[in-house]
Amino acid sequence: MSKTALITGIAGQDGSYLTELLLENGYDVHGIDRRSSLFNRRRIEEARENARRRGQVFELYYGDMSDSSNLYRRIISCKPTEIYNFASQSHVAISFEEPEHTTDVNANGTLRLLEAARHFAADGCRFYQASTSEMFGDAPHSPQTENTPFHPRSPYGVAKLYAYWIVRNYREHYGLHACNGILYNHESPRRGENFVTRKITYSLARIKKGLQDTLMLGNLDNRRDWGFAGDYVRAMWLMLNQDAADDYVIATGQTHTVREFVEKACETAGIGIAWEGEGAGEKGRDTRTGKTIVEVSKKFFRPAEKTVLCGDAKKAREKLGWKPEIDFDGLVELMMKCDLDSV
Ligand code: GDD
C-alpha cells in the first residue's frame, strides 16, 4: 500500500527534515502551513523542487490548528496513512505573553486533529504527537524517563501536557495507533532565530562580519540536553513504524550550559571570548579586539530552573534501535559554519 503522510507545521524545522526523510522513503507528502504575511517556506523549497523533479507527490496547503473544518477537509482529501502533528506555538517564553493562543493551538488544536483523524483518515492511520521535555518542568529527578511524573512550568508546557494525555486517551479508548515523542531540545541550521542556539550562531556570524555589535542573552548557566533535529525526526518515523503505539523519550542524555554553547560557537568562528562580571552584569569580551560581544539582559531571563532537563532515551534505543548520530560539538560546529557561510 502506498504511504501518505500529512504533516502539520510542515514549514518549520522538524517539518522540513521529516519531509526529506519521508520523500526519500517513497511517501506522498501533504503539508499544512499557517498563512503569514511573510512567505515562510524557505526550509521546504529544496525538498519541493526535488519532489517535482522525481515526480513525487508533495502538496502544500494553508491551514490552522484553530480551524476544524480546514483540518477535516485536508484529511478527507488526502486520506493520510500517517499524521505528524508539529503545528504549535513552540516558544516557551512567548507562551506567557500569549497563553490563550498557545493553549488553543497546542492543546485544542491537537484534539481537533485527532477527531478529524478518527473520523476521516485511512483505516489504521498512525498519529505522531510532538510532545516535549517541557512537560517535565520541575520534575522530581534528572534524568527523566517515560515514567517520570510531569510538572510543567509554563502555559506552553501545560498545553502540551493536555495534548500528550488526549493522544494517550485516543490510543487507549479508540485504539488509534498514536504515539507521543517526548523530545528534548533539538536544533539545526534551520532552527528559528529566537531559540537560544540559533540566536547564538546567527548573531556571532553577524558580529564576525561586522554587521552586529553584541549578542544579548538571558541565563548563561541554564542547561539543556541539545540534539540534532535530523536525528530526532528519524526517531519519530521509527515510532510510527512499530506494530504497537507507545510513548518515547528522545534525548542525548548529556547536558551543556548556554555559556558552553557560546564558547564552542566562538571557537568554531575563530573568536576568543573572555567572561567578566556576574549575573545580569556579566559580559563576554572578544580577546582580540577587547570589545564586548556578549551581554546579559534581564529581558531574556527566565525563572531559575530547579531540575535539569536531561533525557534518558534507553527505551528508544532498545525498542526502536534509535541513537543520535551528531553530538554536541558536531551540532554547534554545523550550525556555526552554516551561519558563517550564509550571513
Ligand atoms: N530563547 C532564548 N533566548 N533562551 C535563552 C536566552 C535567550 O536569549 N538566554 C538564555 N536562554 C535559555 C533559556 O532560559 C532556556 O533555559 C534555554 O536557553 C533554551 O531556551 P530555548 O532555546 O528558547 O528553548 P526551550 O528549552 O525553552 O524550548 C525548546 O525546546 C523544547 C524541548 O524540546 C522549544 O523548541 C520548545 O518548543 C521545545 O518543546
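No hydrogens, no waters, no symmetry mates; every other heavy atom, side chains included, goes into these values. All residue numbers refer to positions in the sequence shown, counting from 1. One-based numbering, in listed order, for ligands and for the atoms of each.
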Can you name the closest pair of heavy atoms from F58 and I10 and give their distance?
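That closest heavy-atom pairing would be CE1-CD1, 3.6 Å.
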
Is a donor on one side and an acceptor on the other found under 3.5 Å between the side chain of D247 and the backbone of N180?
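Yes, because the side chain of D247 sits within donor-acceptor range (under 3.5 Å) of the backbone of N180.
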
Is it true that a side-chain atom of S95 and a backbone atom of Y156 form a donor plus acceptor pair closer than 3.5 Å?
yes

Return the protein residues near ligand 1 (heavy atom under 4.0 Å from any of its atoms), ordered by chain and residue number.
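Ligand 1 pocket, heavy atoms under 4.0 Å: S90, H91, V92, T132, S133, E134, Y156, L183, Y184, N185, R191, N194, F195, V196, K199, M216, L217, G218, N219, N222, R224, V258, F300, R302, E305.
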
Are the side chains of L217 and F300 in contact, using a 4.5 Å heavy-atom criterion?
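No, every pair of side-chain atoms sits at 4.5 Å or beyond.
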
Over 60° means perpendicular and under 30° means parallel, so tell me whether Y128 and F86 are parallel, tilted or perpendicular.
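Because their plane-to-plane angle is over 60°, the rings of Y128 and F86 count as perpendicular.
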
Is the CZ atom of R48 crowded by more than 12 outside heavy atoms at less than 6.0 Å?
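Incorrect, the count does not exceed 12.
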
